[in-house]
Structure formats: structure tokens, C-alpha cells
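Worksheet for the structure shown next.
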Number of protein chains: 2
Amino acid sequence: MSRPDTKQRLLDAAERLFARQGFHATPLRDITAEAGANVAAVNYHFGSKEGMIEAVLARRLGPLNEERRERIEAVLRAARQRGGRPEVAEVLRAFVEPTFRLLEQGPGGQNFAVLVGRVLAEPDPSLRAPFLRLVAPTFRFLYQALCEALPHLDPGVVFWRVNSALGAMGHTLRWTGGLGAEIGRSSLPPGVDPSPGTETQTDRLVAFIAAGMEAP
Amino acid sequence: MSRPDTKQRLLDAAERLFARQGFHATPLRDITAEAGANVAAVNYHFGSKEGMIEAVLARRLGPLNEERRERIEAVLRAARQRGGRPEVAEVLRAFVEPTFRLLEQGPGGQNFAVLVGRVLAEPDPSLRAPFLRLVAPTFRFLYQALCEALPHLDPGVVFWRVNSALGAMGHTLRWTGGLGAEIGRSSLPPGVDPSPGTETQTDRLVAFIAAGMEAP
DNA sequence: GCATGATTGAAGCACATGTTTGAATCGAAG
DNA sequence: CTTCGATTCAAACATGTGCTTCAATCATGC
């Protein structure tokens, strides 16, 4: 290898460009140019463009989902030990916080956060399918934990509220790491901080969706 | 004209295909084939592909925004007349209900609803710009109405909560009119209605985001 | 060294895309 | 009927796309 690990550089470039321009709008040649690699390297390492998006997702989604799962499990365990129900806000925070922490893990993590936000809103099955395969178990686990936390609610209602919560999270991810700054600066109402810190962002989102989940 | 209004048929087909496959993933030839028109008709009537998406958005967004604005104004007026503050849920309902009513206005409205959900999550400026130009005044009006309804909250917090609310709404729109049914049926937890009626959907969403807006 | 398998590079292929062209067709006014 | 602008059509154009090919290069074990 001439330079250290072409594969990683390709993944980094793809992560960045897919997040900023979208999958279909990003030509392979843009990615290879940014990574300083040849077009053939993509098909050599990943088989196809679709194979590359899958690799981009899998690289970070594996550890991320593990962390989310562990934290939700910890919340459930603590609740059982004290003989009570898990707190809705705690469960949600266990899911949201690791996601938003991506924003602090350098430009790569930031791009990936935006990418997750994008894929959450993507109808194209060729993108949605690999993503869902990777996150479905975690989503389901979150749903079950919230059903435990809200036993008085119909499971159907819980499901739709989880859906709304994910929508709010995805939107915030896209906005925060992506176009929020650009779009916002010009059209933001006065007195609004265009990009508060990650922690503030997390706290606000958790407060919002926790209140939504617990609505009467 | 051989057949009634090629222009409208093109707009209908574009509305449908952009909603289902996305803008970049939909070739012009797919649209013209579905509309039974020639490829050149697109450039003749709209100048370019981008001109067409703009026309698709403008056709329905004009009346929709007018209705949203009138309904929000009615809520504000009623509040002033009784000397109180507008109710958060009322303001949100005035904005959300006309949007969701699209889902009942035939397949065209349904497709457009999904399309709005998509554009809400779209980072590509060539799509976002015309959309924002059309909806920015209405969004700002909603924001101001909610500031009136929540005077004890920092405007910055209100802004971010409106953002989250729009994210939740967009996600629901995409899900409801679009892939929810397909994806859902296979992986939905048991006991969850895959597609409740529009009214139920609206009530649930309003309850969720109203609670989120009013969180302490 | 050298042989071998992994990786890279330049060039090209086959095809899809948005757009343009110029002639044909249509509808209605003179 | 003729004329003229609006509209439609088939064909082509220029470019961009994902992917493949095959020779060159590299790293490593012998």
C-alpha cells in the first residue's frame, strides 16, 4: 500500500459526501478524488457503490448500537433493582445520548450523524434495507423498554410516539451537523443561538420527546 | 392540444415519482412515460427538471400555506378576544391539520404529503431553496404564534422545539403516505395498527408535539 | 533475489441522463 | 383556405455514470 489504508480513506470520504450531498447525488469519482484513490478501488474493496454505503453504515453503527443497547439495559436493570418502572426520560437518554455524542467525535462522527439523519428519512429501499437490517433490533429494544416504562399506554400509541421521537431526532441530527448553520444564519429569528453545544442539544431533545411520550 | 393539459399530467406524474423515489433517483423519461408525453415537453413547459420540481411544490403549497395561516390567525384572534393566551395544541393543530388533510385528497394529495416530508429532510440546496422560499413565511408565523403561547420560554428553546416538531411531522408524513405500510407490515410489533386513519394520526401527532412544546 | 498474491492505475465500455434541435401537427384567427 | 403561433414528436447530442479490464506495482514469505 502506498498510503495508509485506502479502504478507510474511501469510507471517510464516502461518509462525508453521502452526508452532505446524498447518496444518489454523489458520483463515485468525487469520492475517489477526495480519498486520493482510483475508481477501481471502490469495486475492488466493496464490490459496488451500494456495497460501500453498507460498509459506511456498518463501520460505526455496530459499536453505536452496542452502546445504546447496554445503556438501555442498564436503565432497565436499575429500575428492576429498586422494584419500580424505568423512567421514560432515562430510557430515551440512553438511546439519544450515544447518537449525539457522534457529533463530538471529530468530523467523521459528525458526518455520520448527519448521514444517519438522512437515511432515517430515505425511502429508497437500496439504502433503507441495509440500514434497517442494522438498526431494527435496537429500535425494537427501545420500543419494548418504552412499553415497560409506559404500561398504561396502548402499545400502538407507544409505537407511533417512538416513531415521532425518531423523526424529531433525525431532523435535529440533520440540522445540527449539516445545513442548520448555513440555512439558519440567514433566516434565523433574532435571539436564537444557531448551534448550541451538543449537551444542550441532547438535553433539549430528550426533554421534548420525553414529554411527548408521556402525554396523556 | 391532443389530450387535456399535458402540463398537469406531467405535474401529477412528477409529484408521484418524486415522492416515491426521490428527485435525483427519478429520470425525466420515467415521468414523461407515465404522463404519456414527450421528453421535450418538460423543457418546453418548465425549462428544466429543477423548474418542474419547483412547479410541483408551488401548485399545492400556495393554497396549503394560505389555509394554515388563516387557521393560525383564527386561533390568535380567538385568544385575544377572550383576553388570554393562545393554546399551544390549538396553534399546532391549525398548522398540522391542513397538512394531514392532504392525505385524504386523493392520491395526488397523498403523494404531495410524502413529498413535503421528503423535502423537509432534503439537504440538496437545489430542492431546499425553492421549498424554503415558499414555506419560510408560514414557518416564521407559526414560530411567532408559539412564542405568544409560551411566553415563559426562551425564544431559542421555542425555536428548537418547533424544529423538533417539524421533524416529527415530516417523519409521520413520509411514513404514513409512503413506506410505512410496506416496511411496517413485516417488522411491526404485534398489536400495532399499521395505518390508523388520518384523524387518529393527526390527533396523536398533535398530542405528542404539544406535550413536547410545553415540556418544563 | 524471486515468486506470489494483494493492491493500484490508466483507459475504456456500455449505458443513462438532462437538454437541444428542427420538422411535423394542431387550433384558431383572418 | 391560409397563416401563424403554440405544442408535440423523434432523433440526436454532450456529458456523466457505475463498472470492468488488464497491465503495473507493491508487500511479504521463501
Side-chain angles (χ1 to χ4, degrees), chain A residues 1-57 59 115 118-119 122-130, chain B residues 1-57 59 115 118-119 122-130:
Chain A
M1 288 168 255
S2 52
R3 285 204 266 166
D5 223 350
T6 306
K7 204 169 173 179
Q8 295 303 319
R9 279 190 335 238
L10 279 173
L11 287 176
D12 290 339
E15 187 172 63
R16 197 181 83 86
L17 290 169
F18 286 158
R20 309 236 161 167
Q21 317 179 3
F23 181 72
H24 289 290
T26 304
L28 273 188
R29 280 160 178 84
D30 281 15
I31 300 171
T32 55
E34 181 162 318
N38 192 276
V39 209
V42 170
N43 292 295
Y44 176 74
H45 286 291
F46 307 107
S48 70
K49 197 187 178 185
E50 276 193 26
M52 187 162 57
I53 182 69
E54 197 159 346
V56 168
L57 290 177
R59 177 171 65 155
L115 186 57
R118 292 217 74 205
V119 181
E122 176 65 56
D124 182 346
S126 66
L127 296 197
R128 226 189 149 78
Chain B
M1 285 171 259
S2 53
R3 286 206 265 165
D5 224 349
T6 306
K7 204 169 173 179
Q8 295 302 319
R9 270 181 301 133
L10 280 173
L11 286 177
D12 290 340
E15 187 171 63
R16 196 181 84 86
L17 291 170
F18 286 159
R20 310 236 160 167
Q21 317 180 2
F23 182 72
H24 289 290
T26 303
L28 274 187
R29 282 164 177 82
D30 282 14
I31 300 171
T32 55
E34 181 163 317
N38 191 275
V39 209
V42 171
N43 293 293
Y44 176 75
H45 286 291
F46 307 106
S48 69
K49 197 186 179 187
E50 276 192 27
M52 186 162 58
I53 181 69
E54 197 158 346
V56 168
L57 291 176
R59 178 171 64 155
L115 186 57
R118 293 217 73 205
V119 181
E122 176 64 57
D124 182 345
S126 66
L127 295 197
R128 227 190 148 75

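By convention in this document, chain letters (A, B, ...) are assigned in the order of the sequence lines, proteins followed by strands, and residues within each chain are numbered from 1.
Smallest separation of non-hydrogen atoms from B/Leu127 and B/Val119: O-CG1, 4.1 Å. Counting all heavy atoms, side chain and backbone alike, A/Leu10 lies closest to A/Ala41 at CD1-CB, 4.0 Å.
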Which side-chain N or O atoms in residues 49-56 of chain A pair as donor and acceptor under 3.5 Å with protein atoms at least two apart or in another chain?
| unit_1 | atom_1 | unit_2 | atom_2 | d |
| --- | --- | --- | --- | --- |
| A/Lys49 | NZ | A/Phe23 | O | 3.1 |
| A/Lys49 | NZ | A/Thr26 | O | 2.8 |
| A/Glu54 | OE2 | A/Arg133 | NH1 | 3.2 |

Between the protein and nucleotides 11-16 of chain C, are there any N/O to N/O pairs under 3.5 Å, and if so, what are the atom names and distances?
| unit_1 | atom_1 | unit_2 | atom_2 | d |
| --- | --- | --- | --- | --- |
| C/dG12 | O6 | A/Arg29 | NH2 | 3.2 |

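In this structure, NE2 in B/His24 is found 6.0 Å from CD in B/Glu122, a value given to the nearest 0.5 Å. Once rounded to the nearest 0.5 Å, the distance linking CZ of B/Arg118 with CZ of B/Arg20 reads 12.5 Å.
Atoms CZ (A/Arg9) and P (C/dT8) sit 8 Å apart, rounded to a whole Å. The CD atom of A/Gln21 sits 15 Å away from the C1' atom of D/dT17 (whole-angstrom rounding). Whole-Å rounding puts the B/Leu10 CG to D/dT8 C1' distance at 12 Å. Per the geometry, CG belonging to A/Asp5 stands 18 Å off P belonging to D/dC26, to the nearest Å. Spacing between atom NZ of B/Lys7 and atom P of D/dA6 amounts to 13 Å, rounded to whole angstrom units. Note: CG (A/Leu28) to P (C/dG9) measures 16 Å, nearest angstrom.
Taking 4.0 angstrom as the limit, A/Thr6 places none of its side-chain polar atoms (N or O) nearer than this to OP1 or OP2 of C/dT7.
Heavy-atom distances under 4.0 Å link DNA chain D to B/Tyr44, B/His45 of residues 42-52 of chain B, given in residue order.
No contact: B/Thr32 has no heavy atom under 4.0 Å from any strand.
Residues passing the salt bridge (charged side-chain N to carboxylate O under 4.0 Å, His left out) test with B/Arg59 are B/Asp12, B/Glu15, sequence neighbours excluded. Applying the side chain to side chain contact (heavy atoms under 4.5 Å, CB included) rule to B/Ala13 yields the partners B/Ile31, B/Glu34, B/Ala35; only residues at least two apart in sequence or on another chain are considered.
Legend: ring pair (Phe, Tyr, Trp, His ring centres under 6.0 Å) pairs involving residues 26-56 of chain B, not counting sequence neighbours: none detected.
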Inset, instruction - Decide yes or no on side-chain contact (heavy atoms from CB on, under 4.5 Å) for A/Asn38 and A/Thr32, but give the supporting numbers first. - result: CA-CA 6 Å; A/Asn38 192 276; A/Thr32 55; over 6 Å; no

